[in-house]
2 protein chains.
Amino acid sequence: MNKPVTIKDIARKFRCSPSTVSRALNNHPSINEDTRRNLQEYAQKVGYQRNQVSLNLLNTKTASIGVIVPTINNYYESAIIEGIDAVLHPLGYTLNICVTNERYLLESEYVTKLLSNRVEGIFLSVSQETYDSGHYEHLENVGKRNLPLIFIDRDYEGFSAGSVTIDDYHGAFAAVEHLISTGRKRIAHLKGPNGMAVTEQRFRGYTECLTKHGLPVEERLIINTNFKVESALEPTAQLLELDHRPDAIFGVNDQVAIGAMKVIREKGWRVPEDIAVVGFDNSPISAYISPSLTSVGRPGRQIGEEAARIFLNYLDATTKKDVPVHIVLPSELIVRDSSRGI
Amino acid sequence: MNKPVTIKDIARKFRCSPSTVSRALNNHPSINEDTRRNLQEYAQKVGYQRNQVSLNLLNTKTASIGVIVPTINNYYESAIIEGIDAVLHPLGYTLNICVTNERYLLESEYVTKLLSNRVEGIFLSVSQETYDSGHYEHLENVGKRNLPLIFIDRDYEGFSAGSVTIDDYHGAFAAVEHLISTGRKRIAHLKGPNGMAVTEQRFRGYTECLTKHGLPVEERLIINTNFKVESALEPTAQLLELDHRPDAIFGVNDQVAIGAMKVIREKGWRVPEDIAVVGFDNSPISAYISPSLTSVGRPGRQIGEEAARIFLNYLDATTKKDVPVHIVLPSELIVRDSSRGI
DNA sequence: CAAAAAATTTCAAACGTTTGCGAACCACTT
DNA sequence: AAGTGGTTCGCAAACGTTTGAAATTTTTTG
């Protein structure tokens, strides 16, 4: 680990001033052609890399923005990041990705770190713990700085921040309505962890759709999972042992739906003939498993892009107190084999 | 977007020097108890956040390290990142995650950016384009700086860098040997893109295992894919139309294997009775699809952890020219239903 | 009360770079 | 000889913070 070569080092070597070196390397016109060439060649030779840290300090800006997400280990989240990057990278911004693993402490820590690293904006997909606890003090300083803050996935009213969310409610509603339209009457729901926005909105879509169609909302048909495939196994087994077993299962996401399908078949039932299954996320494999999985798609990439645009609008905003922008993107039901009509 | 409050601002407000403020906020002992409390309270109130950028400049270190990966949209890569973070986060390091989408240009750009942002080490999983082109000039300056560089997944001999790789060869070998041991004799391979290390090593495991067991390596049974599930559809269809169809398919990864299974069943064959299928990655769903997928597991998290430890050793190394560390972790075959004996 | 000791605060430099302004130099022109 | 104009370069300040050493104030001591 050698010390990086600095402009001063080069200046000393050439017995000239740092200003000259700086100008030479930046192709400033008022530098003699020869000196410019010599300096540039030497800089190249010794592997000079301008110290961006010092520039960030000088300009009091960093051209970097923070992205805090609960996890990157799934299609949806990484699509969001891709979307943000697609818009902001061409403008010279660097993404600072932070993964909280759904932990409040990490989220809080990352916010502080990003703040003190002087990012120019923060994209935040609130962790489960944060959402559960309702603690938003870690965002106070973001507010004080009036730094562009854009909520992704989960909105929070306490701040004058932008947000891009998904219409989980109508997605769930459509999924359940589809099941009803194919003749299913006892539709179970493998719910996510209580209290989370995604969970509750999908749940509301589920219940309200049932109600609209005159079907009862049975508590026994609603069981919690934690989004992971394993967490669907036991609940599904439970559902199948009911006196009056469900004829359809709506999973809070694809993982859960896949877990449900596995158990259904292990117990000797058929999908979709005996029990239809619908998931949420339209993850890439959902089309390729067997039977292919009906699912509600979320436009992850588009979320990222919209969020990035909101950020850019913030920067342009001349009037300080613009009304924060809230965008709700539609989700889309994609019907496949796991829920074909009986 | 307000200007962040600086130590100078506070000093001006309290008619004292910046040094006093700095020491007060850092609980330096030689500061009067009252002034300390006053300053700290005020700093808290106005949301002062120390400017890490200036500190990085002052200390000529950043406590951040760069992680360059081709993609984050899969279990394996994100497990690696998790592993790195698990070791380095407790030590105060920040991860700077860069996603290249398998592009050389982006990789090169990110290396430069990380270098000029003065990261203290770089973890690099070389992009496909880089590997194909064999261009490693973008790493020259990393070499000149003698900055800790650890290759992940794909080693490259040109640099005195550490590396943590997976024993793809033996993993593939074991997978094919398993298929042979269950009586399969015509084993096809859905290969990755030519030239990539993972691809070729798994391919070598495949061919050498066949040869060892006296089975012919038939060109018609080897077709390229691009790792994605769609890219397996057409090739699999081709394989099934051969006069003498294969009785097993070894996919370069799980995605491809899942695509193959879909086509096999659509054409009316059974897995594993007619055709066995084996994948690579042991991705979480592989256990839960039907039939569950036999797969070779890669310990992503462990890779990250080992890589981080190599990095830490670099730092400790008193002798400059230590021999770079190369670790090869084993992969592990996990047998499931898709390849049960006939 | 003076002097010494202790407590508290300020000064100045440093990290690496950019940039407005002015200085030095040269060649020409009048 | 003096002015003009152009080219090329250096000086110094700035970004925000820390820190050793020096300066100031307060307290203790004889």
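A note on names: the letters A, B, ... follow the listed sequences, proteins ahead of strands, and every chain is numbered from 1.
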Please tell me if [X] has a side-chain N or O lying less than 4.0 Å from either OP1 or OP2 of [N].
X	N	result
B:K8	D:dC15	yes
B:N51	D:dT17	no
A:N59	D:dC15	no
A:S22	C:dT18	yes

What nucleic acid atoms does [X] come within less than 4.0 Å of, heavy atoms only: base, sugar-phosphate, or nothing?
X	result
B:S30	base
A:T6	sugar-phosphate
B:S19	base
A:Y48	sugar-phosphate
B:N26	sugar-phosphate

Assert: residue with more 5' nearest nucleotide on DNA chain C, out of B:C16 and B:L58, is B:C16
5'-most contact on DNA chain C: A:V5 or B:T20, nearest heavy atom basis? B:T20
Side chain of [X], heavy atoms from C-beta onward: which of [options] has the nearest atom to it?
X	options	result
A:S17	D:dG10, D:dT19, D:dT17	D:dG10
A:T60	D:dC15, D:dT19, C:dT17	D:dC15
B:S54	D:dT17, C:dC15, C:dT9	D:dT17
B:L55	D:dT8, C:dG16, D:dT17	D:dT17
A:R23	C:dT19, D:dG20, C:dT9	C:dT19

Mind telling me whether A:F14 and A:Y42 have parallel, tilted or perpendicular rings, with 30° and 60° as the class edges?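 Rings of A:Y42 and A:F14: perpendicular, as their planes differ by over 60°.
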Could you check B:Y104 against B:Y136 for ring pair (Phe, Tyr, Trp, His ring centres under 6.0 Å), going step by step and ending with a plain yes or no? CA-CA 10 Å; B:Y104 173 81; B:Y136 285 85; 8.4 Å; no
Whole-Å gap separating [atom2] ([N]) and [atom1] ([X]):
X	N	atom1	atom2	result
B:K61	C:dG16	NZ	P	14 Å
A:D9	C:dC15	CG	P	10 Å
A:F14	D:dC9	CZ	P	12 Å
B:R15	C:dT10	CZ	P	12 Å
A:Q49	C:dG16	CD	P	15 Å

Test ring pair (Phe, Tyr, Trp, His ring centres under 6.0 Å) on A:H138 and A:Y110 and set out the steps. CA-CA 9 Å; A:H138 60 312; A:Y110 279 129; over 10 Å; no
Flag, side chain of B:T60 to backbone of B:N56, donor-acceptor distance under 3.5 Å: no
With the threshold set at 4.0 Å, does a side-chain nitrogen-carboxylate oxygen contact exist between B:E305 and B:R301? yes
